[in-house]
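Below is one structure, written out as structure tokens; comments come after it.
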Amino acid sequence: MQEKMIEELKAIIEEYTDEPLPEISMETALTADFGLNSFELFEIICKIEEKYNVTIPDRVLMSFASVGDVVNYLMEATK
């Protein structure tokens, strides 16, 4: 499930990058490794909320630094 979720997140993030992304992992940083600005990150989070039918509170969103942070939250929220 975790690997599938990482691939789904990669597909969403690729919509905001100029080129296809290399492999990503749980340790991949959301902003530094993808070159995303805060507006793009906000849009990505909105798409993630839609896809997984969850609401991510702002206080949680601010703690997301890596792909793993997002995956762990989603795995817990979609149990």
Side-chain angles (χ1 to χ4, degrees):
M1 175 99 172
Q2 180 179 357
E3 291 300 318
K4 180 181 181 215
M5 198 172 281
I6 289 173
E7 286 303 311
E8 291 171 346
L9 292 175
K10 179 181 175 184
I12 291 171
I13 293 166
E14 282 182 330
E15 294 177 29
Y16 295 89
T17 59
D18 294 332
E19 55 193 51
L21 296 173
E23 289 302 308
I24 64 174
S25 69
M26 295 288 280
E27 293 77 30
T28 304
L30 290 172
T31 53
D33 291 337
F34 299 133
L36 301 171
N37 63 41
S38 58
F39 180 73
E40 291 167 326
L41 188 56
F42 176 76
E43 286 188 344
I44 288 168
I45 295 299
C46 289
K47 285 190 179 248
I48 291 169
E49 287 177 326
E50 277 181 33
K51 178 165 186 63
Y52 292 98
N53 196 29
V54 298
T55 300
I56 302 171
D58 289 342
R59 62 180 166 68
V60 174
L61 174 61
M62 300 312 276
S63 71
F64 289 165
S66 69
V67 169
D69 293 335
V70 178
V71 169
N72 290 334
Y73 178 83
L74 291 174
M75 291 185 73
E76 188 65 31
T78 58
K79 280 187 177 178

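- Hydrophobic clustering, with ILVMFWY side chains joined whenever heavy atoms are under 4.5 angstrom apart, groups V54 together with I6.
- We find the CD-CD distance between E7 and E23 to be 5.5 Å, quoted to the nearest 0.5 Å.
- Between P57 and T55, the closest heavy-atom pair is CD-O, 3.4 Å.
- Interatomic distance, E8 CD to K51 NZ, rounded to the nearest 0.5 Å: 4.0 Å.
- Every residue two or more places apart in sequence or in another chain that forms a side-chain hydrogen bond (donor to acceptor under 3.5 Å, both in side chains) with E27 is listed here: S25.
- Between L41 and F34, the closest side-chain pair of non-hydrogen atoms is not below 4.5 Å.
- Across V71 and Q2, no two heavy atoms sit closer than the pair CG1-CG, 3.9 Å.
- In this view, K47 and E15 satisfy the side-chain hydrogen bond (donor to acceptor under 3.5 Å, both in side chains) rule, not counting sequence neighbours.
- A donor-acceptor contact shorter than 3.5 Å is absent between the side chain of E76 and the backbone of Y73.
- Taking CD1 from I12 and CD1 from I44, the interatomic distance works out to 8.5 Å, rounded to the nearest 0.5 Å.
- L61 approaches I56 most closely through the heavy-atom pair N-CG2, 4.0 Å.
- In this structure, E14 and L21 approach most closely via the heavy-atom pair OE2-N, 2.8 Å.
- Minimum heavy-atom separation, I24 to K10: CD1-CB, 3.6 Å.
- Evaluated for a side-chain contact (heavy atoms from CB on, under 4.5 Å) with F64, the options I48, N72, V70 yield exactly one hit, V70.
- Atom CG of L30 is separated from atom CD of E40 by 12.5 Å, given to the nearest 0.5 angstrom.
- Both M75 and I45 are part of a single hydrophobic cluster, where members link through side-chain heavy atoms under 4.5 Å apart.
- The shortest heavy-atom contact between D69 and S63 is OD2-O, 3.5 Å.
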